Amino acid sequence: MTVTEFRPQSSRKAPAVASRRDQQRIIVTGGAGFLGSQLCRALIEQGHRVIAIDNLLSGRLENLSDLLGCPRFDFILHDIIEPLPIQTPIDQIYNLACPASPPVYQRDPLHTFKSSVLGGMNMLEIARSKRARILQASTSEIYGDPKISPQPESYCGNVNTCGPRACYDEGKRAAETLFHDYNDRFGVETRIARIFNTYGPGMSPEDGRVVSNLIVQALSGVAMTVNGDGTQTRSFCYRDDMIDGLIRLMNAPLQRFQAVNLGNPAEVTILELSELVRSKTGTTNPVSYRDLPQHDPLQRRPDISVAKRLLGWAPTVPLERGLDRTIRYFRDQLSQNATARAMAL
Ligand code: UDP
């Protein structure tokens with residue numbers, strides 16, 4: 001792996017040229033994030049060349065540490081809200097760059113909005129000039145607080161243009177518009193994955209989303225935070241299923257522009273999730289109830305019939321099994337952090 005800070009074109013080292021005929025040259029924006037880093041890993045394992053781009057706002061370089069030394073992998077430290085000249089041929093772009101955790105994306109709402117809209121446009125321009133196929137990591141948040149369940153792709157959503165979640169929801173909606181219009185006007189091959197809640201090893205303990213929060217709290221002996229009365233629902237998809245879905249969507253020979261839901265239709269309440277985490281970790285920590293954040297969706301469940309039909313894709317890892325793996329990962333993370341702290345004393 002090489003780590004490159006973005007510099008003007010003339011002084012930048014171009015990634016080496018691919019040798020295998022079926023090898024793709026692929027950009028992954030948000031490549032140091034929870035999903036982005038795992039996607040880089042999967043693509044490298046498939047024999048492709050990968051350039052990860054990340055501003056490290058919520059991504060972590062340590063997520064990519066095992067790719068160090070791989071000659072087919074490069075990292076560019078760059079914020080995609082600024083244009084990025086790429087010298088080498090590119091075949092595919094996965095555009096994942098944008099914080100996805102509500103507390104993180106709400107810290108700087110203007111930047112979050114720019115990440116989706118300006119970032120999306122900058123990446124679409126690269127795709128257009130390189131004749132590359134480009135996949136946008138969209139989100140179930142484009143459905144807002146849905147009035148129908150499960151949510152099919154044809155549902156237009158129930159979203160508020162103002163409020164704490166709007167920078168993310170509306171930014172992602174606007175990005176979908178851009179991806180549609182670049183396809184329509186310029187013939188860019190665009191793909192839209194509407195990603196529902198995803199969890200798994202590789203999440204940061206400080207991520208702030210519900211699965212990581214509840215597990216880290218359970219393992220750390222502190223109260224488990226449940227927002228509202230915990231009857232709101234989500235449908236949690238394990239990381240590896242999501243990565244498989246993204247790669248299938250990128251490579252599917254779609255006949256026309258079509259957004260595709262990717263997620264696990266198994267719906268649980270947040271209270272049920274907290275009970276599952278309690279029983280799996282064996283914690284006796286109490287639950288601490290907090291106010292439900294403004295515009296927090298009350299239900300969310302994907303209709304994945306389009307993904308099944310077009311991609312032959314459906315999740316394979318049930319929540320119970322995915323949680324076991326994720327709890328094991330966080331146990332390791334927390335004990336490594338404790339060891340590092342003890343050594344620093
Ligand atoms: N939530 C919770 N406790 C937490 C964090 C989140 O009860 O410590 C709730 C949150 O209010 C929402 C659900 O869990 O109803 C999922 O939140 P998350 O931030 O994981 O993702 P979202 O789907 O809201 O973007």
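Source: prediction; values computed, not measured. One-based numbering, in listed order, for ligands and for the atoms of each.
Contact annotation: for Pro297 versus ligand 1, there are no heavy atoms closer than 4.0 Å. Under 4.0 Å from ligand 1, the heavy atoms of Asn197 that appear belong solely to its side chain. Only the side chain of Arg165 comes within 4.0 Å of ligand 1, counting heavy atoms alone; its backbone N, CA, C and O stay farther away. If you look at Arg209 next to ligand 1, the close heavy atoms, those under 4.0 Å, come from the backbone and the side chain alike. By the criterion of a heavy-atom distance under 4.0 Å, both the backbone and the side chain of Thr225 are placed next to ligand 1.
Short contacts between ligand 1 and Arg300, defined as distances under 4.0 Å to a heavy atom of the residue, involve ligand atoms 22 (P), 23 (O). Close contacts of ligand 1 with Pro293, meaning ligand atoms under 4.0 Å from a residue heavy atom, involve 11 (O).
Proximity annotation for atom 10 (C) of ligand 1: of Val226, Asp296, Thr233, Thr139, Asp296 comes nearest, heavy atoms only. By heavy-atom distance, the residue among Asp291, Asp229, Asn227 lying nearest atom 1 (N) of ligand 1 is Asn227.
Closest to atom 16 (C) of ligand 1 among all protein heavy atoms lies Arg234 NE, 3.6 Å. Protein heavy atom closest to atom 13 (C) of ligand 1, with residue, atom name and distance, is Ile270 CD1, 3.7 Å.
Salt bridge present: Glu141 and Arg165 bring a charged side-chain N and a carboxylate O closer than 4.0 Å.
With hydrogens and angles left out, the side-chain atoms of Ser235 and Asn264 include no donor and acceptor closer than 3.5 Å. Side-chain contact check for Gln217 and Thr225: at least one donor-acceptor pair (N or O, by modelled atom type) lies under 3.5 Å. Side-chain contact annotation: His111 with Asp79, donor-acceptor N/O pair under 3.5 Å present. Counted by atom type alone, Arg194 and Tyr143 present one or more donor-acceptor pairs between their side chains at under 3.5 Å.
Residue Arg41 holds its CZ atom at 7.0 Å from CG of Asn63, rounded to the nearest 0.5 Å.
Residues satisfying the ring pair (Phe, Tyr, Trp, His ring centres under 6.0 Å) criterion with Phe196, sequence neighbours excluded, are absent altogether.
Tyr168 and Val211 are assigned to two separate hydrophobic clusters, defined by single-linkage of ILVMFWY side chains at heavy-atom distances under 4.5 Å.
When only interatomic distances are considered, the shortest N/O to N/O separation between Asn213 and ligand 1 falls below 3.5 Å. The shortest N or O to N or O distance between Val210 and ligand 1 is under 3.5 Å.
The closest approach between any non-hydrogen atom of Arg290 and ligand 1 is below 4.0 Å.
Within the 4.5 Å cutoff, the side chain of Met203 has heavy atoms near those of the Arg209 side chain.
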